[in-house]
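Written below as structure tokens is the structure these notes are about.
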Amino acid sequence: MSPGPAGNTDTRARRVNAAVKWIRGELIGRGTYGRVYLALSMTTCKSQLVAVKQVDSPQVIRDESDQCQATFVHSVERVSKLLVDLNHRHVVQYLGFEESFVDYSRVMNIFMEYVSGSALGYCLREKGRFSEDVSKFFMLQIIRGLRYLHSRRIIYRNLKADSVLLERDGSCKLSDLEFSTKEDKIHKLPFTSVQRILPWMAPEVICHQKEGYSVKADIWSLGCVLLEMLTGKRPWYDDELIMITIKNKRPPIPPDVTLSDLAMHFQDLFRSDDTIHLISCSDPDERASASHLRRHPYLELPDGWRFQDFNG
Ligand SMILES: Nc1ncnc2c1ncn2[C@@H]1O[C@H](COP(=O)(O)OP(=O)(O)OP(=O)(O)O)[C@@H](O)[C@H]1O
């Protein structure tokens with residue numbers, strides 16, 4: 001690995017699976033598949049704070065959880081080259097991948113740019129729903145990150161408020177990209193990950209995995225994230241996960257939340273006449289693209305607006 005500063009444009013300098021000198025620091029987060037640590041990475045000329053996701057890589061498959069873990073590691077290996085080549089200010093910079101042994105167990109280390117704030121999902125749980133302007137501010141950045149991935153024909157497949165990391169100044173980065181795939185190489189997601197992201201998944205991903213799906217699947221999840229920000233609740237807030245799999249329609253708005261006309265228009269949540277198809281249209285071909293949504297008047301912020309806090 002050759003970390004280099006975030007935003008370094010020489011992507012060829014970052015090598016996958018190269019030997020890395022680094023010191024592990026405090027645990028900063030836990031996900032379904034691994035633990036995330038702050039770390040100091042040292043190259044010959046400088047040291048740099050990075051985040052390292054450590055994922056156990058089982059050598060023997062004893063049960064379903066080992067199976068899922070092994071599938072995840074396999075999927076990371078498959079996309080590692082794709083991820084280190086990404087370079088965008090709204091996408092977490094992947095710096096390298098390396099295997100090591102911790103207490104005789106094989107571990108996959110995923111080196112990333114360190115993002116100093118919290119996950120958007122965490123902020124929602126802590127502060128409650130965001131104001132419309134704050135939601136638009138985050139939405140715009142998420143769309144820019146998505147537009148970059150989609151321009152490279154990469155489907156993110158993991159967009160939810162918990163996967164968006166915030167810097168302290170409010171700038172957002174898409175993270176947890178290990179399930180991404182090229183549009184033409186769709187692989188089935190491991191079962192545990194499907195369960196975890198089911199409420200954000202587009203109907204065509206839930207129902208038609210074999211027939212394939214496109215970057216438009218992320219647009220559906222984008223609509224779900226906007227809904228999360230505006231309502232403070234996960235999509236399908238009232239439903240058991242199993243119920244979601246049989247619904248081929250858009251998630252409901254909680255009765256105690258009123259959205260502005262433009263927000264409803266943007267989400268196309270209440271339309272039944274099928275004249276506008278923006279985010280949550282169940283036909284992916286008719287769903288808007290990230291570039292199209294970027295120009296929607298709903299996302300315009302008042303002149304001089306600046307991010308100060310989550311309700312401002
Ligand atoms: N690059 C990073 N910089 C700073 N903190 C990070 C970084 N990546 C992850 N974290 C922290 O670690 C936590 C766990 O991240 P991880 O990507 O493993 O899982 P997740 O997205 O929260 O959950 P899941 O894997 O279940 O989808 C995040 O919520 C965040 O707090």
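Worth saying up front: this structure is predicted, and the values here are computed from it rather than measured. The residues of the chain are indexed from 1 along the displayed sequence. Atoms within each ligand, like the ligands themselves, are counted from 1 in listed order.
The CD1 atom of Ile143 sits 11.0 Å away from atom CZ of Arg295, with the distance rounded to the nearest 0.5 Å.
Side-chain atoms of Ser57 and Gln69 include no donor-acceptor pair closer than 3.5 Å. A donor atom on one side chain and an acceptor atom on the other are not found under 3.5 Å apart for Glu204 and Trp220. A donor atom on one side chain and an acceptor atom on the other are found under 3.5 Å apart for Glu167 and Ser116. Gln54 and Asn109 share a donor-acceptor pair across their side chains, judged by distance under 3.5 Å alone. Between the side chains of Tyr94 and Glu178, at least one donor N or O sits under 3.5 Å from an acceptor N or O.
Close approach of ligand 1 to Ala51 (heavy-atom distance below 4.0 Å) involves ligand atoms 1 (N), 2 (C), 3 (N). Remark: ligand 1 atoms within the under-4.0 Å shell around heavy atoms of Tyr114 are 3 (N), 4 (C). Contact atoms of ligand 1 toward Glu113: 1 (N), 2 (C), 3 (N) (distance under 4.0 Å to a heavy atom of the residue). If you number the atoms of ligand 1 from 1 as listed, the ones under 4.0 Å from a heavy atom of Thr32 come out as 24 (P), 25 (O), 26 (O).
Between Val115 and ligand 1, at least one pair of N/O atoms sits closer than 3.5 Å.
Taking atom 31 (O) of ligand 1 as the reference point, the nearest protein heavy-atom neighbour is Ile28 O, 4.0 Å. Here the protein heavy atom with the shortest distance to atom 17 (O) of ligand 1 is Lys53 NZ, 2.9 Å. The closest protein non-hydrogen atom to atom 21 (O) of ligand 1 is Asp176 OD2, 2.5 Å. In terms of protein heavy atoms, atom 13 (C) of ligand 1 is closest to Gly29 CA, 3.7 Å.
Proximity of Leu165 to ligand 1, defined as any heavy-atom pair under 4.0 Å, is confined to the side chain (atoms from C-beta onward).
The closest approach between Lys160 and ligand 1 falls below 4.0 Å for a heavy atom of the residue.
In summary, Lys53 and Asp176 engage in a salt bridge, as defined by a charged side-chain N under 4.0 Å from a carboxylate O.
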